[in-house]
Amino acid sequence: QVQLGESGGGLVQAGGPLRLSCAASGRTFSDYCMGWFRRPPGKEREFVATINWNGGSTKHADSVKGRFTISRDNAKNTVYLQMNNLKLEDTAVYYCAAGSYSRRPDLYDYWGQGTQVTVSS
């Protein structure tokens, strides 16, 4: 059992940066691979990035590669998503998830409540 809480969302201009955080509680954080997903308005949830238990391996969606970076700090029980050069199409609710090193959302066991990211022109 693990509980996840996202923070850091908000309104940002296109081209700007934003960093999302996901704090975990309930059990040993380092036991879990972690991921970030997002749901754009009117769209299905889609993969953003994932990271293995110690941060040594990552995967990023082609749409965000080179702009977004997932990282984790197990001592702080936190996973991050650094977003740079934001585009209008990045507007979405962003979700933190735990339990898989995968692009498939159905393979994750735990989910946060989501945080809204809105990119303006």
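Nothing fancy with the numbering, it's 1 onward along the sequence.
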*side chain to side chain contact (heavy atoms under 4.5 Å, CB included) with S7: which residues, sequence neighbours excluded?*
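Testing S7 for side chain to side chain contact (heavy atoms under 4.5 Å, CB included), a comparison that skips the adjacent residues, returns S21.
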
*Please identify each residue that fulfils side chain to side chain contact (heavy atoms under 4.5 Å, CB included) with R103, with sequence neighbours left out.*
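So R103 forms a side chain to side chain contact (heavy atoms under 4.5 Å, CB included) with F47, K59.
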
Taking every non-hydrogen atom, the tightest pair across [X] and [Y]:
| X | Y | answer |
| --- | --- | --- |
| V117 | G9 | CG2-CA, 4.2 Å |
| S102 | L107 | OG-CD1, 3.4 Å |
| V2 | A98 | CG1-CB, 4.2 Å |
| A24 | L4 | CB-CD2, 3.7 Å |

*asked:* By the salt bridge (charged side-chain N to carboxylate O under 4.0 Å, His left out) test, which pairs, at least two apart or in different chains, include something from residues 5-25?
replied: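 Salt bridge (charged side-chain N to carboxylate O under 4.0 Å, His left out) check on residues 5-25 returns no pairs.
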
*With sequence neighbours excluded, give me every salt bridge (charged side-chain N to carboxylate O under 4.0 Å, His left out) pair touching residues 106-121.*
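Residue pairs with at least one partner in residues 106-121: R104-D106.
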
*Would you indicate whether K76, at its atom NZ, is surrounded by more than 12 heavy atoms from other residues, nucleotides or ligands within a distance under 6.0 Å?*
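Check fails, neighbour count at 12 or below.
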
*asked:* Does Q13 have more than 12 heavy atoms from other residues, nucleotides or ligands lying within 6.0 Å of its CD?
replied: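 Counting other residues, nucleotides and ligands, CD of Q13 stays at 12 neighbours or fewer.
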
Nearest 0.5 Å please: distance from the [atom1] atom of [X] over to the [atom2] atom of [Y].
| X | Y | atom1 | atom2 | result |
| --- | --- | --- | --- | --- |
| R67 | L86 | CZ | CG | 6.5 Å |
| L18 | F68 | CG | CZ | 9.0 Å |
| T115 | L81 | OG1 | CG | 11.0 Å |
| I70 | Q82 | CD1 | CD | 12.5 Å |

Can [Y] be reached from [X] by stepping across I, L, V, M, F, W or Y side chains whose heavy atoms are under 4.5 Å apart?
| X | Y | result |
| --- | --- | --- |
| Y101 | V64 | no |
| W111 | V48 | no |
| V119 | Y95 | no |

*All pairs passing disulfide bond (SG atoms under 2.5 Å apart) where residues 47-121 contributes a residue, at least two apart*: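 Counting only pairs at least two positions apart or across chains, the disulfide bond (SG atoms under 2.5 Å apart) contacts touching residues 47-121 are C22-C96.
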
Would you list the atom pairs, donor with acceptor, under 3.5 Å between side chains in residues 32-40 and any protein atom, with sequence neighbours excluded?
from: W36; atom 1: NE1; to: Y80; atom 2: O; distance (Å): 3.3
from: R38; atom 1: NE; to: E46; atom 2: OE2; distance (Å): 2.7
from: R38; atom 1: NH1; to: D90; atom 2: OD1; distance (Å): 2.9
from: R38; atom 1: NH1; to: Y94; atom 2: OH; distance (Å): 2.9
from: R38; atom 1: NH2; to: E46; atom 2: OE2; distance (Å): 3.1

*asked:* Let's go through Q116 and L11 carefully: what are the C-alpha distance in whole Å and the side-chain angles of both, what is the deciding distance for side chain to side chain contact (heavy atoms under 4.5 Å, CB included) to 0.1 Å, and is it a yes or a no?
replied: CA-CA 8 Å; Q116 177 71 46; L11 179 65; over 6 Å; no

*Can you check side chain to side chain contact (heavy atoms under 4.5 Å, CB included) on S121 and L88, steps first, answer last?*
CA-CA 7 Å; S121 61; L88 291 177; 4.1 Å; yes

*Can any side-chain N or O of Y110 pair as donor or acceptor with the backbone N or O of G99 at less than 3.5 Å?*
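The answer is no, because no donor-acceptor pair under 3.5 Å joins these two groups.
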
*asked:* Check whether N52 reaches the backbone of G55 with its side chain - one donor and one acceptor, N or O, closer than 3.5 Å.
replied: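 Pair found, side chain donor or acceptor close to backbone of G55.
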
